[in-house]
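Sequence positions, counted from 1, serve as the residue numbers for this chain.
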Amino acid sequence: MTAVSDFIQKHQLLNASGKYIVALSGGADSVALLLILRQLGYQIEAAHCNFHLRGSESDRDELFCKNLCEQQQIPLHLAHFDTKAYAQLHRVSIEMAARELRYAYFHQLAHDIDAQGICVAHHRDDSVETVLLNLVRGTGINGLRGIQPRNGLILRPLLCLSRQDIEQYLADCQQDYVTDSTNFVDDVARNKIRLNVLPAMRDINPSVSRAIDATSRRLAEAAKVLNTVMEEKKNNIISTRPLFDGEQMIDIQKEEIDSEYLLFYLLQPYGFLPEQIEAIYAQIHQIPTGALFESDSYQLLFDRDRFVIRKRQQVEQRPLMIPEPGLYRYGDFLKIHIDVEDVSRLNDFPFQSSEWACLDADKISFPLILRRVEQGDAFIPFGMKGKKLLSDFMTDRKMSLFEKQAQLVLTQANGDILWLVNLRPDNRVCITSATRRILIIHSIPS
């Protein structure tokens, strides 16, 4: 118990006046966490999740937690989940579904009861398993730091203890606990590490868990230094700008990438796999403009002297019909205001801004249509006489593929393009000395 108290103080995990949630499964680790924090005098409330995955075993665990909290006079919060239905709906594994449900519930409960943190019972052996899993997955130096004592509201006071330490503590307290039978089946990666890999490594070094933990702590210190350098480089070569679909486009200056690890540092948060990043770096100066790589959630585009990243589009935005002047919303990211005024008011509007356009209202017929650029679209750009394909116009402006895909046009009833939104009006509807009424268009980012 002294080791845990010292660990809490060293990492400033809890304070005496705070209220904390203890994630209580009924297993040895969470039961020990509950009792130790109570003995140390912290104000705690327990939370138990029943995922209904193990039949009567799940109900047994819930009943055990109820009885334990009643004996210890600790408030208990219970949550029931249809985990299989959630996994099917969100197309994730059962393990991931349980994790997402559990942590979403804990965070909501912390908000509801004004708790300062959520204490979970990860211990040193869990951290060692995580290091080995991340080594196999190729997550880089940050993954080899193991489990950290704090991650937002999630607090881990038992990382200083081994599984053996915990079991010995419970034996000394004569406190029983429940056992999850699935922990002894090597059907998932973590269980294979625990049941097969670590025992084999202990044949080589009986203290392997302590050795790996010590190495992970040294790597954590090294990672702080490396990440500081990487973050400075990142800030110098990466920038963001909004697209018309409300997403952010992330620019990375290709020539500034001087190591594969820097590229890994930049791309790994967007879900790109180590083997993808290795392949990209190997041909970083040969991949042609327009080449596209994808992760589960993002796309990476080679565009001249830069990389461009954006979220993969989930739903295509439909065209917006504008039957008459007024204020209209295009998706969740843009509003467009249409008005008709006498030409005498021409100087009342800031047409020098790209978000405004002023056209000859008598040359335009409603309904207007606001939509994405389509293949074959052409217009006569203001100041020119001949038609030009929008694709060529945008290429001349060195717009990336993502910018082209997000670009909007406003057309009139006969399909003619009035305005390449925020870029250029069509010359045929621009104001002349004969104009009597003006069509005022204002695009407003939401």
Side-chain angles (χ1 to χ4, degrees), residues 21-31 33-34 45-70 75-113 115 118-123 125-127 129-130 132-134 136-137 139 143 147 151-156 163 176-197 270-271 273 294-298 311-315:
I21 294 169
V22 173
L24 180 65
S25 68
D29 309 334
S30 66
V31 170
L33 176 62
L34 187 82
E45 298 186 15
H48 176 78
C49 298
N50 188 333
F51 298 105
H52 294 282
L53 294 174
R54 294 178 288 118
S56 60
E57 225 180 65
S58 294
D59 296 331
R60 175 209 66 185
D61 295 353
E62 179 180 324
L63 180 60
F64 174 85
C65 291
K66 285 180 178 178
N67 291 336
L68 176 63
C69 289
E70 185 176 336
L76 174 64
H77 305 270
L78 294 172
H80 289 252
F81 299 110
D82 189 340
T83 314
K84 291 180 179 178
Y86 180 93
Q88 185 175 12
L89 178 64
H90 294 274
R91 298 181 180 179
V92 296
S93 67
I94 292 293
E95 186 180 25
M96 181 57 67
R99 175 183 172 83
E100 290 179 1
L101 289 167
R102 174 169 64 249
Y103 282 107
Y105 169 66
F106 290 157
H107 279 85
Q108 183 60 54
L109 178 61
H111 177 270
D112 292 343
I113 68 171
I118 302 155
C119 299
V120 296
H122 292 126
H123 51 74
D125 293 339
D126 291 324
S127 185
E129 292 166 11
T130 297
L132 293 176
L133 277 172
N134 288 341
V136 171
R137 292 168 177 164
T139 57
I147 300 175
N151 182 11
L153 287 180
I154 304 300
L155 311 174
R156 301 180 174 98
R163 171 75 182 194
D176 60 347
Y177 52 89
V178 296
T179 301
D180 183 345
S181 60
T182 62
N183 288 339
F184 301 101
V185 181
D186 61 353
D187 58 344
V188 295
R190 183 173 289 276
N191 283 5
K192 290 177 181 178
I193 295 286
R194 180 185 304 129
L195 300 175
N196 303 323
V197 176
Y270 302 104
L273 301 175
E294 294 187 328
S295 69
D296 287 341
S297 304
Y298 286 85
K311 278 188 177 180
R312 295 175 67 171
Q313 292 179 315
Q314 302 298 320
V315 179

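For the atom pair CG of Leu195 and CZ of Arg190, the computed distance is 12.0 Å after rounding to the nearest 0.5 Å. Atoms CD1 and CD1, from Ile118 and Ile21 in turn, are 5.5 Å apart once rounded to the nearest 0.5 Å. Atoms OG and CZ, from Ser93 and Arg99 in turn, are 10.5 Å apart once rounded to the nearest 0.5 Å. Note that CG of Leu132 and CG of Asn134 are 9.0 Å apart. Values are rounded to the nearest 0.5 Å.
Heavy-atom contacts from other residues, nucleotides or ligands closer than 6.0 Å to CD of Glu294 number more than 12. Atom CD of Glu95 sits in a sparse spot, with 12 or fewer heavy atoms from other residues, nucleotides or ligands closer than 6.0 Å. Few gaps surround CZ on Arg54; more than 12 heavy atoms of other groups in view lie less than 6.0 Å from it.
Between Phe64 and Asp176, the closest heavy-atom pair is CZ-O, 3.4 Å. Across all their heavy atoms, Ser25 and His48 have their closest contact at O-CE1, 3.5 Å. For Ala46 against Leu34, the heavy-atom pair with the smallest separation is CB-CD1, 4.0 Å. Closest heavy-atom contact between Tyr177 and Gly26: CB-O, 3.5 Å. Of all heavy-atom pairs between Ser295 and Arg312, the closest is O-NH1, 2.9 Å. Counting all heavy atoms, side chain and backbone alike, Tyr86 lies closest to Glu100 at OH-OE1, 2.7 Å.
Look at Asp29 and Arg163 and you find a salt bridge, because one of the NZ, NE, NH1 or NH2 atoms lies within 4.0 Å of a carboxylate O, short of that distance. Using a cut-off of 4.0 Å between Lys/Arg side-chain N and Asp/Glu carboxylate O, Lys66 and Glu70 are scored as not salt-bridged. For the pair Asp126 and Arg156, the salt-bridge criterion is not met [side-chain N within less than 4.0 Å of a carboxylate O].
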Tell me, with the steps shown, if Asp61 and Asn50 meet side chain to side chain contact (heavy atoms under 4.5 Å, CB included).
CA-CA 8 Å; Asp61 295 353; Asn50 188 333; over 6 Å; no

Steps toward side chain to side chain contact (heavy atoms under 4.5 Å, CB included) verdict (Cys119, Leu33):
CA-CA 8 Å; Cys119 299; Leu33 176 62; 4.0 Å; yes

Begin from the C-alpha positions of Glu57 and Asp180 and carry the test side chain to side chain contact (heavy atoms under 4.5 Å, CB included) through to its verdict.
CA-CA 8 Å; Glu57 225 180 65; Asp180 183 345; 3.9 Å; yes

What do the steps show when you test Leu24 against Cys69 for side chain to side chain contact (heavy atoms under 4.5 Å, CB included), and what is the final call?
CA-CA 10 Å; Leu24 180 65; Cys69 289; 3.6 Å; yes

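Using a 4.5 Å heavy-atom cutoff, the side chains of His90 and Met96 are not in contact. The closest side-chain heavy-atom distance from His77 to Tyr105 is below 4.5 Å. For the pair Leu133/Ile193, a side-chain contact is recorded, criterion being any heavy-atom separation below 4.5 Å from C-beta on.
When atom types are taken as modelled, the side chain of Thr130 and the backbone of Ile147 share no donor-acceptor pair closer than 3.5 angstrom. When atom types are taken as modelled, the side chain of Thr83 and the backbone of Phe51 share a donor-acceptor pair closer than 3.5 angstrom.
Under the rule for a ring pair (Phe, Tyr, Trp, His ring centres under 6.0 Å), His107 has no partner lying at least two apart in sequence or in another chain.
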